[in-house]
Amino acid sequence: MRPVFSLLHASARPDGWRPAFDVWMLRADNPGAVEYLLSVDKGGAFDHQMASGVRVVWNRGRHCVVDAWNAAAKASTGRVLVCVADDFFPPEHWDTALLAVIPDLDAEAAVHVDAQDSWPRIMTHPVLTRAYYERPGRGGCNGERIRRRTDILSR
């Protein structure tokens, strides 16, 4: 069965990903509808014996979070793409909450996540539907490079 959510975790710390994985899965109402992709830089010192349900994706682009998220997005199969990092934790029932604000998973949608930081207009951890991500001109899964970091976040 195709997952509803693809958690795209960009990490550069071999020991930093596990707490986020545990919390995201624990706080999901339906963890069976979630795939978890850990995107790491090629040549990193990551243990390939990961937790059950974690897929490792090698980021062969620049060593930056945007390229790592894009590498994971290209390998993902879920209908909603959620960008995750080592220090970004969800509230309880995060999956049910996202389904409430994205009524049509096949339509283009992006959700602003309020991270309570000092940059209220910057969506530092995007949540978007696959349709939004794959739209021509956006880059992402079409194999085109994203020209500016904000291309995946704007419009």
Side-chain angles (χ1 to χ4, degrees), residues 1-41 44-59 61 64-135 138-141 146 149 152-155:
M1 181 169 100
R2 180 179 179 190
V4 174
F5 296 99
S6 293
L7 299 183
L8 315 175
H9 186 151
S11 182
R13 298 183 296 172
D15 59 346
W17 68 272
R18 185 58 193 247
F21 168 78
D22 290 340
V23 171
W24 279 90
M25 298 310 282
L26 180 67
R27 293 183 179 171
D29 288 333
N30 185 6
V34 178
E35 72 173 342
Y36 204 98
L37 295 96
L38 178 64
S39 183
V40 299
D41 294 337
F46 280 80
D47 179 6
H48 296 285
Q49 300 301 317
M50 296 289 178
S52 176
V54 175
R55 287 190 352 208
V56 175
V57 176
W58 295 107
N59 172 24
C64 73
V65 69
V66 173
D67 279 1
W69 279 334
N70 279 319
K74 290 174 186 175
S76 70
T77 61
R79 297 167 71 191
V80 177
L81 309 178
V82 180
C83 294
V84 176
D86 295 346
D87 56 356
F88 184 62
F89 301 95
E92 292 285 342
H93 318 290
W94 63 267
D95 51 342
T96 300
L98 285 175
L99 291 174
V101 298
I102 307 174
D104 182 356
L105 298 180
D106 294 320
E108 289 188 20
V111 178
H112 177 80
V113 177
D114 182 5
Q116 300 296 320
D117 60 22
S118 60
W119 297 90
R121 292 171 297 172
I122 303 291
M123 183 171 35
T124 55
H125 294 275
V127 176
L128 44 114
T129 60
R130 179 167 299 282
Y132 184 96
Y133 185 71
E134 291 181 342
R135 182 177 179 201
R138 289 226 196 281
C141 291
I146 291 180
R149 289 183 79 162
I152 196 169
L153 309 177
S154 63
R155 295 187 194 136

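- Between S6 and G78, the shortest heavy-atom distance links the atoms OG-N, 2.8 Å.
- Here the straight-line distance linking atom CG of L38 with atom CZ of R55 works out to 11.5 Å at 0.5 Å rounding.
- Just one residue in the list W17, F21, W24 forms a ring-ring contact (aromatic ring centres under 6.0 Å, His included) with Y36, and that residue is F21.
- Residues satisfying the ring pair (Phe, Tyr, Trp, His ring centres under 6.0 Å) test with F5, not counting sequence neighbours, are W94.
- Summarising the geometry of N30 relative to V34, their closest heavy-atom pair is O-CG2, 3.8 Å, with the distance given to 0.1 Å.
- Looking at every heavy atom in both residues, L37 comes nearest to A72 through CD2-O, 3.7 Å.
- When all heavy atoms of T77 and R2 are compared, the pair lying nearest together is O-NE, 2.7 Å.
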*Would you sort out whether L98 and V127 count as a side-chain contact (heavy atoms from CB on, under 4.5 Å), showing the intermediate values?*
CA-CA 9 Å; L98 285 175; V127 176; 3.9 Å; yes

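- With D86 contributing its side chain and S11 its backbone, the two residues share no donor-acceptor pair below 3.5 Å.
- A side-chain donor-acceptor contact under 3.5 Å links R27 to the backbone of P90.
- Residues V111 and V80 are not in side-chain contact: their nearest non-hydrogen atoms beyond the backbone lie 4.5 Å or more apart.
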*asked:* I'd like to know whether T129 forms a side-chain contact (heavy atoms from CB on, under 4.5 Å) with R79, so could you lay out the CA-CA distance, the side-chain angles of the two residues, the decisive distance to 0.1 Å, and finally the verdict.
replied: CA-CA 6 Å; T129 60; R79 297 167 71 191; over 6 Å; no

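- Atom-to-atom distance recorded for Y133:OH and N70:CG is 3.0 Å, nearest 0.5 angstrom.
- The heavy-atom pair separating H9 from A85 by the smallest distance is NE2-C, 3.5 Å.
- A donor-acceptor pair is defined here as one N or O able to donate and one able to accept, closer than 3.5 Å; such a pair exists between the side chain of R130 and the backbone of S76.
- Taken to the nearest 0.5 Å, the CG atom of L128 stands 10.5 Å off from the CD atom of E134.
- Minimum interatomic distance between D95 and D29 (heavy atoms only, all atoms of both residues): OD1-N, 2.8 Å.
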